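Nothing here was measured: the structure is a model prediction, and the numbers come from that model. FYI, the numbering just counts along the sequence from 1.
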Amino acid sequence: MILCDIGNTTFHFLIGKKHKKYSIKDEIPTFKEQIVYVSVNKKATKELLKTNPSAKNIKKYLEFETQYVGHGIDRAVACVFQENAVIVDAGSAITVDIMRNSKHKGGFILPGFRAFSKTYPKISKKLKFDFEKNVNLDKIPLQTKDAIQYAMLKSIILPIKEVSKNKNIIFTGGDGKLLSGYFENSVYKKDLIFENMKRIIDANNCVT
């Protein structure tokens with residue numbers, strides 16, 4: 001069985017233990033194995049189904065209640081087995097969800113690093129810089145490049161810290177490992193979505 005996470009910019013496949021990514025602009029090959037997918041991109045889903053019409057949507061097997069209007073299926077899959085935690089998926093957007101006593105209490109969405117970076121040059125071409133991972137957040141910057149990176153990270157980190165006091169934090173997504181380094185009570189799970197998809201499939205015993 002192949003698992004697929006369809007996001008805003010990529011198709012992310014887990015084939016056995018190997019990861020394979022395609023741009024949403026790429027043509028997806030036909031796979032012999034059964035595909036189970038989670039998707040936040042209707043157009044990209046149609047492209048997957050063109051070459052793999054028997055692919056199954058994990059949504060029909062997921063049981064997840066929330067009062068949050070517009071809560072994405074990918075966020076629900078990331079949260080579903082958590083009792084008390086803050087779940088942060090740091091991709092093209094950074095989603096933050098709060099689970100308390102196995103109930104979803106809400107959350108919020110922040111721009112991802114790349115989205116933040118693209119904002120500054122729109123203000124001025126002089127504000128275009130490549131993002132670096134090593135940023136000192138304990139010192140007020142004295143040059144523009146550091147000032148931008150400092151502001152970006154602080155804007156992301158502070159609201160997460162506010163809702164995660166005395167709570168465990170689970171990070172996932174492409175920039176999750178970087179962000180997890182700024183939180184003591186955190187763990188980084190690269191394959192959180194795929195791990196939970198497998199648990200949903202096993203619990204329902206209905207995907208073959």
Side-chain angles (χ1 to χ4, degrees), residues 5-12 19 21-26 38-47 66 68-79 85-99 104-165 167 169-190 192-193:
D5 181 4
I6 306 174
N8 294 310
T9 58
T10 62
F11 295 91
H12 184 183
H19 293 262
K21 288 187 177 183
Y22 296 89
S23 166
I24 56 171
K25 298 178 181 178
D26 295 336
V38 58
S39 177
V40 297
N41 190 324
K42 289 183 179 179
K43 184 177 180 181
T45 301
K46 289 180 180 178
E47 293 302 312
T66 180
Y68 185 114
V69 178
H71 195 245
I73 182 65
D74 56 334
R75 294 170 69 182
V77 170
C79 292
V86 174
I87 299 92
V88 181
D89 190 344
S92 53
I94 299 172
T95 59
V96 182
D97 287 282
I98 297 93
M99 294 293 292
H104 185 248
K105 294 298 181 180
F108 53 90
I109 304 172
L110 297 161
F113 289 131
R114 290 159 194 79
F116 252 125
S117 297
K118 290 178 181 179
T119 299
Y120 286 95
K122 292 179 181 179
I123 300 171
S124 170
K125 292 181 179 180
K126 294 180 180 179
L127 300 181
K128 184 177 181 180
F129 293 98
D130 292 328
F131 181 76
E132 295 179 0
K133 293 183 178 180
N134 297 320
V135 181
N136 186 352
L137 298 182
D138 296 322
K139 185 178 180 181
I140 299 298
L142 290 172
Q143 60 175 327
T144 301
K145 180 179 180 180
D146 292 342
I148 291 173
Q149 296 179 135
Y150 177 95
M152 285 170 54
L153 273 168
K154 283 282 190 176
S155 297
I156 293 168
I157 290 171
L158 290 181
I160 298 174
K161 283 194 172 182
E162 184 175 343
V163 298
S164 63
K165 292 177 181 177
K167 297 183 181 70
I169 315 172
I170 301 172
F171 285 91
T172 192
D175 292 315
K177 188 173 183 179
L178 169 64
L179 279 176
S180 68
Y182 292 95
F183 296 82
E184 292 182 0
N185 53 328
S186 70
V187 62
Y188 172 64
K189 293 188 176 182
K190 178 182 177 181
L192 177 64
I193 295 292

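The distance from the OG1 atom of Thr9 to the NZ atom of Lys21 is 8.0 Å, given to the nearest 0.5 Å. Interatomic distance, Leu153 CG to Asn136 CG, rounded to the nearest 0.5 Å: 11.0 Å. Rounded to the nearest 0.5 angstrom, Ile73 CD1 and Ile6 CD1 are separated by 12.0 Å. Atom CD1 of Ile98 sits about 9.5 Å away from atom OH of Tyr68, to the nearest 0.5 Å. The line from CD1 of Ile148 to NZ of Lys128 is 12.0 Å long, rounded to the nearest 0.5 Å. Rounding to the nearest 0.5 Å places OG1 of Thr66 at 8.0 Å from CG of Asp97.
The stretch residues 114-125 participates, sequence neighbours left out, in these side chain to side chain donor-acceptor pair (under 3.5 Å) pairs: Arg114-Asp175. For residues 137-157, every residue pair satisfying the side chain to side chain donor-acceptor pair (under 3.5 Å) rule, not counting sequence neighbours, is listed here: Glu132-Lys145, Gln143-Asp146.
Residue Asp130 qualifies as open at atom CG: its count of foreign heavy atoms under 6.0 Å is 12 or below. Residue Lys190 places its NZ atom among 12 or fewer non-hydrogen atoms of other residues, nucleotides or ligands, all under 6.0 Å distant. For Leu142, the CG atom counts as loosely surrounded, since its 6.0 Å shell holds 12 or fewer non-hydrogen atoms of other residues, nucleotides or ligands.
Heavy atoms only, all atoms of each residue included: Ile170 and Ala85 are closest at CD1-CB, 4.3 Å. Considering every non-hydrogen atom in both Ala90 and Gly176, the closest pair reads CB-N, 3.7 Å. Taking every heavy atom of both residues into account, Lys161 and Tyr182 meet most closely at CE-O, 3.6 Å. Across Pro111 and Ile156, no two heavy atoms sit closer than the pair O-CD1, 4.1 Å. Minimum heavy-atom separation, Gly7 to Ile24: O-CG2, 4.2 Å. When every heavy atom of Ala78 is checked against every heavy atom of Ile193, the shortest pair comes out as CB-CD1, 3.7 Å.
Put simply, the side chain of Thr10 never gets that close to the backbone of His12: no donor and acceptor are under 3.5 Å apart.
Between Leu137 and Val135, the closest side-chain pair of non-hydrogen atoms falls below 4.5 Å. Using a 4.5 Å heavy-atom cutoff, the side chains of Thr172 and Val88 are not in contact. Phe108 places a side-chain heavy atom less than 4.5 Å from the side chain of Val163. Contact annotation: the side chain of Phe113 approaches that of Leu178 to within less than 4.5 Å [non-hydrogen atoms, C-beta and beyond]. The shortest distance between side-chain heavy atoms of Ile94 and Ile109 does not fall below 4.5 Å. The closest side-chain heavy-atom distance from Ile87 to Ile169 is not below 4.5 Å.
Remark: the Thr45 side chain and the Ser39 side chain contain an N/O donor-acceptor pair separated by less than 3.5 Å.
Phe183 has its ring centre less than 6.0 Å from the ring centre of Phe171.
Using cut-offs of 30° and 60° on the angle between ring planes, the pair His71 and His104 is tilted.
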Take Phe116 and Leu110 through the test side-chain contact (heavy atoms from CB on, under 4.5 Å) and record every step on the way to the result. CA-CA 9 Å; Phe116 252 125; Leu110 297 161; 5.6 Å; no
